[in-house]
Amino acid sequence: MKLSLLNKLREVNPVILNLSNFVTVQDVANGLNALGASPIMSEEIAETDEMVKICNAVALNLGAFTQAQITHLRAMGKQANQAHKPVVLDPVAVAAITYRKQVALELLNQFQVNVIRGNAGEIAALAGFDWQAHGIDAGGGSSDLTKIAQVAAQKFHCTILLSGATDIITDGQRVTKVSNGTPLFATHVGSGDMLSSIVAAFLAVADGDDFQAAAVAALVFACIGELTASQEKKMGSGTFIMRLLDQLQFTTIEQITKIARYREVETDDKCE
Amino acid sequence: MKLSLLNKLREVNPVILNLSNFVTVQDVANGLNALGASPIMSEEIAETDEMVKICNAVALNLGAFTQAQITHLRAMGKQANQAHKPVVLDPVAVAAITYRKQVALELLNQFQVNVIRGNAGEIAALAGFDWQAHGIDAGGGSSDLTKIAQVAAQKFHCTILLSGATDIITDGQRVTKVSNGTPLFATHVGSGDMLSSIVAAFLAVADGDDFQAAAVAALVFACIGELTASQEKKMGSGTFIMRLLDQLQFTTIEQITKIARYREVETDDKCE
Amino acid sequence: MKLSLLNKLREVNPVILNLSNFVTVQDVANGLNALGASPIMSEEIAETDEMVKICNAVALNLGAFTQAQITHLRAMGKQANQAHKPVVLDPVAVAAITYRKQVALELLNQFQVNVIRGNAGEIAALAGFDWQAHGIDAGGGSSDLTKIAQVAAQKFHCTILLSGATDIITDGQRVTKVSNGTPLFATHVGSGDMLSSIVAAFLAVADGDDFQAAAVAALVFACIGELTASQEKKMGSGTFIMRLLDQLQFTTIEQITKIARYREVETDDKCE
């Protein structure tokens, strides 16, 4: 995996435009900043054109949006497509709320995204699988997660990053599975939102290789979480988020390489 | 007091729907999550029906709201009543701002709440007492706080949780007073908002016993704050919030029982 | 420098009304609270009059605003002028986004501010200088920063606090330069927003001496940041923000005096 993208990100310091979840917006901004990107947030459609112009990638988060924000999301997505800026979509809670799923599917019809980052329930909902969801969490279910991710990738012509105990990254054909991580991610609201924006930061420096960018982002974030959690025997969610920001700032490629556990799966696993 | 509700909460993992104060929304979400509930936030009225359906209780926070949000608050409260989901109202700053008091009183007329959680100034303002307020803080005053809480409970046919150095919980007749806590709660903006949403989490598992749920929530939160503060001689507000989240996650019923200081007051204290 | 204002602030506990950047609002509220002020936030124009009445100073932040918020900003600025409450403006990202610069210039035409607090790029943009900006960061450039600040102060008839490695405070004639600080401020999104609201807190207790208030605020905040950063050899942004809140609460005038590095520049440096 092309882990050198992490150093490139820190050199280039790409500007990431976020249409954010108001619940987690400060953590996302701080996470991008700590890793080495430059976050910019917007709530106003009148500045969309300019913002898309100065940014290097766009992260669209569907958490807690209003109807005004849907108009804004649409404008930002279309503008990003025109300006050839890569787009990440985070379909928060589309498994739990039908209304959100409808909005997400409409948006995915109106502009092209490069990566969708969600949990199993969210990706399954978009792909059209039946899946149980519980609040904003992933919920349980028994289908083959790799297949779900591949179907979603093929349906939306993009890369899927399905987050979980094992992260699954696929462009519909190729599949990478990342086994690093920590259960502490689940104790902190906003870990997923942070990862989605970090995917955008890697897209900004990956020269069009979306699959590579998503896989590296997943591995880097999972390893940084694992390194953070390993500092204490029994870490709480408050300590975790503080230390996670520190670790995003200081973790080197060498540290990641040392603990990385991932598998690039052969094509015979692929969706028929 | 039925402290076993804490274990039930952690088993059931109830979904708490929050119409939140944008100032403190992430802390509230993280606090609910750390304690063992599943937070969901909304800003969009079009998803209200679905959200109320999947949730187990609703927490409505009047901090920093817009007129669009008032419409949303009203819809959510009415919907919760129809679906028999318990509702907590946090009347932020109604003592300081007449406009907020008017809005709060209108809302309390339009749907039924199970618990109102506020400081002395806020509860007094809703109950119709004259009380000094200073910014978002409780302010000073000399009336009998228990009487104020009882009058408010009778006026709105609900349970009142009046937060302060001593928390007063009353359904208008019965009164419980909790003496645990820490002055550090006042150093961190959002402690009260977090408690209000935690009350909703206890309502979700209390089988209709609102008074019990509010009393247990107050005791659990006060003791967790006290345990957090006791870790260091001179703790600052930044350290406090980080450790409070950790403590919400790890504190057991046994630890709470060991330090709990509360009094269930006899009915001769009640409001005439 | 009149550092005694810090003790006055902590005695008076002024109410600071913030029209806030949603990205950093909780940090700003906690920062004000930790230092000894009483934050109040608003999103609703219907409560503007009352809020301005009860507050002691107003902080207007242009980060991530909507068109509804511009109307609100205008109303709040005009109301503050009528009620003779001091006003701070933080022109977030006006160097990067022309739309924001236009809005900021219009607002500065419609009401009088006491202090503008921004980075070099933002102050240069408002003053009409050409300056490079990168995302929300200050960007680089080679003009004389003191001159830029003085021109801006004269143009808007107010005090300018230009933040950077060296903070420059000027009323157009007098200039104070503060050399304290830490690069860690740049690692945490919202340091600048926090400083802007803290300037408002000092204006609230400075008896009309805006220049003094801005200089003291800059020195106090820079020294508190420096003291925070000095606690560890290699502090990350997560640890920094937690400890910064603690330090805002506990730092004394004596500690600041011991490390203060500032220069009150003679008038021959002034802008011709």
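Since this is a predicted model, take the numbers as computed values, not measurements. Chain letters run A, B, ... following the sequence lines, proteins first and then strands; every chain starts at 1.
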The side-chain hydrogen bond (donor to acceptor under 3.5 Å, both in side chains) partner of N18(A) among S196(A), S42(A), S197(A) is S197(A)

Filtered by a 4.5 Å non-hydrogen cutoff, the part of residues 238-251 of chain A contacting chain B is G238(A), T239(A), M242(A)

ask   = What do the steps show when you test Q79(B) against K53(B) for side-chain contact (heavy atoms from CB on, under 4.5 Å), and what is the final call?
value = CA-CA 9 Å; Q79(B) 197 65 29; K53(B) 217 169 278 165; 5.8 Å; no

For K2(B) and D207(B), run salt bridge (Lys or Arg N to Asp or Glu O under 4.0 Å): C-alpha distance rounded to whole Å, both residues' side-chain angles, the deciding distance at 0.1 Å, then the answer. CA-CA 12 Å; K2(B) 216 177 159 182; D207(B) 294 323; 5.3 Å; no

Partner of S237(A) under side chain to side chain contact (heavy atoms under 4.5 Å, CB included), picked from T187(A), L184(A), V189(A), is T187(A)

### Message
Do Q112(A) and N81(A) pair up side chain to side chain, a donor and an acceptor below 3.5 Å, judged on atom types alone?
### Response
no

Could you go through the side-chain contact (heavy atoms from CB on, under 4.5 Å) check for I40(B) and S38(B) one step at a time? CA-CA 7 Å; I40(B) 190 159; S38(B) 204; over 6 Å; no

